[in-house]
Structures are given as structure tokens and as C-alpha cells.
Amino acid sequence: DTAVSQTPKYLVTQMGNDKSIKCEQNLGHDTMYWYKQDSKKFLKIMFSYNNKELIINETVPNRFSPKSPDKAHLNLHINSLELGDSAVYFCASSQESGSGRRVSWELFFGEGSRLTVL
Amino acid sequence: GQSLEQPSEVTAVEGAIVQINCTYQTSGFYGLSWYQQHDGGAPTFLSYNALDGLEETGRFSSFLSRSDSYGYLLLQELQMKDSASYFCAVDFGNEKLTFGTGTRLTIIP
């Protein structure tokens, strides 16, 4: 069983189109994330959800809209795709440590969705 | 500001030891993590240091010195499969992991 699974693995599309990437985790984690990895391999957080509530929204264009129907799913919809959106998008999850300082910061990543905008 | 610096590339010989450094600048800090990513794969968790000192997990060890704003990942008995990118990541106290720019490690026979 894959812990964090995302689909599709590859997306090739034209500028201006709209596309969605789906993510599901079966780890029972409370928190899910979307990260973007560019061609230089820099990993940058985009969004974070905790129990379906948005808690982090980095300076991401509003063409990107995450949706969390339940705490096991976090989907990413992208409108009006641009060339600069080409990247690998990773979904990840982690377990909240509850009150107090974390004892670990382990993110579980999906295999990534490679988006190519032509 | 908050920034993380790593060497972009490191090359080491199979069977040897290599150290990958990570320095950070921040006004708040809650721990240093390390992740490994093979080409085309997902980042996978290696270690987490919340406190100063050395954490050892098999061939990999991670060290943190908060007073020096510095940490490193030490890989021993290098194997060809250790060729990958390695990322340090810091929790700056804002409930998210900020990743460094990554170090591409190449192991040569």
C-alpha cells in the first residue's frame, strides 16, 4: 500500500489550460502539504492543511487553489497554466505532534507529479 | 531573514566518508532535518535534530550546533546507491519545513 499517492504522475498541457492533481494519504496524518520543486531542484512549500483547514498559504498566485475534502485528501487545481508553472509538484503529509515542541519533523512525500506546460 | 545554505555539489569515493554541511540564518529555530532524494524520486526523511549534538542512524549521522547555526550530515562507508541529492530543512517555528537548496552527492568507484 502506497502511503502518499498522487495522480497523475505526468501532465503535459498547453498554456492557458486548467489542470488538477490529486493526493491521498492512508497514514492517518492530520496535516498535508503541497510543495513545488523547480528545475534547480529547489523545494518550496505552497500550501499546508491541517484537518481540512488551510494553515499555510505561501505567496502563490491565486490561479492555484487547493481543496481538502477530508483530512486524507488534498487536491491542487491550477487555472490558466503558464510556462513558469512547469515543475514537479509533491504532496506530503505529517502527523501533528499536539501541544508542545515537535520531537520529529518527518514528512512523507508522494512520488511527485511532473507538470510540463507547452 | 531565514535562509539555508548547502554546497551545491560534492563528490566522494565509494567506501569513504563524506560530510554535507548546512548553515542557516534565522531569528527562530526549532530543529534541523535531512532528506534524501534520488533522481526522479520523492524526498525521503533521514534524520531530525531538535537538540545540539550527534544523532546516529546506521551509516548516516546528523549533527547540530545551534550556537553556530550549523549542522551537517555525515555518510560513512559510502555506497554507489548513496548518489542522490541531500536537503537540509529547518523548522523556523512557523509550522512548516523550509528546505535548503540541496547538495548533489556523486559517488565514484
Side-chain angles (χ1 to χ4, degrees), chain A residues 2-7 9-10 23 25 27 29-51 53-60 87-114, chain B residues 2-10 20 22 24 26 28-52 55 57 60 62 64 66 71 73 83-106:
Chain A
T2 305
V4 181
S5 58
Q6 44 183 119
T7 55
K9 195 171 170 63
Y10 299 97
C23 179
Q25 55 97 1
L27 297 167
H29 288 165
D30 295 324
T31 307
M32 296 184 72
Y33 312 81
W34 278 110
Y35 277 83
K36 178 180 179 181
Q37 187 169 45
D38 61 23
S39 57
K40 292 191 166 85
K41 302 206 83 173
F42 185 52
L43 265 168
K44 185 168 169 54
I45 190 167
M46 301 172 69
F47 301 103
S48 168
Y49 271 72
N50 180 268
N51 276 316
E53 298 295 322
L54 179 67
I55 56 173
I56 291 173
N57 183 347
E58 292 293 287
T59 50
V60 177
V88 181
Y89 292 84
F90 284 99
C91 176
S93 71
S94 71
Q95 182 57 51
E96 282 293 302
S97 58
S99 59
R101 183 166 294 182
R102 285 180 180 270
V103 295
S104 181
W105 241 120
E106 181 172 3
L107 296 185
F108 293 79
F109 283 86
E111 289 300 308
S113 297
R114 180 175 293 277
Chain B
Q2 300 170 343
S3 66
L4 289 165
E5 292 187 12
Q6 301 179 237
S8 58
E9 293 182 349
V10 172
I20 299 173
C22 175
Y24 58 90
T26 179
F29 174 86
Y30 287 98
L32 180 70
S33 302
W34 286 94
Y35 284 77
Q36 178 192 60
Q37 185 181 27
H38 286 100
D39 285 346
T44 55
F45 174 81
L46 291 176
S47 67
Y48 177 71
N49 291 70
L51 303 173
D52 287 359
E55 296 277 344
T57 310
F60 293 2
S62 57
L64 174 64
R66 287 176 295 171
L73 181 69
S83 290
S85 293
Y86 292 84
F87 295 87
C88 60
V90 172
D91 172 4
F92 288 115
N94 50 9
E95 282 305 308
K96 64 180 183 181
L97 268 189
T98 298
F99 282 80
T101 50
T103 299
R104 185 170 186 86
L105 174 64
T106 303

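Computed from a predicted model, the values in this text were never measured in an experiment. Just so it is clear: chains get the letters A, B, ... in the order the sequence lines come, proteins before strands, and each one is counted from 1.
A:Glu111 and B:Gly41 make their closest contact through OE1-CA, 4.4 Å (heavy atoms, listed as atom of the first residue, atom of the second, distance). The heavy-atom pair separating A:Phe90 from B:Ala42 by the smallest distance is CE2-CA, 3.7 Å.
Neither the backbone nor the side chain of A:Phe108 comes within less than 4.5 Å of any heavy atom of chain B. Contact annotation for A:Ile45: only side-chain heavy atoms (C-beta onward) come within less than 4.5 Å of a heavy atom of chain B. Interface remark: A:Leu43 contributes backbone and side-chain atoms alike to the contact with chain B (heavy atom separation under 4.5 Å).
Rounding to the nearest 0.5 Å places CG of A:Leu107 at 5.5 Å from CZ of B:Phe99.
Of the listed residues A:Lys40, A:Glu58, A:Lys44, A:Arg114, the one with more heavy-atom pairs under 4.5 angstrom with chain B than any other is A:Glu58.
Although no hydrogens or angles enter the test, the distance criterion places no donor-acceptor pair under 3.5 Å between the side chain of A:Tyr33 and the main chain of B:Leu97.
Contact check for A:Lys41 versus B:Asp39: side-chain heavy atoms found under the 4.5 Å cut-off.
Residues A:Phe109 and B:Phe45 place their aromatic rings such that the two centres sit no closer than 6.0 Å.
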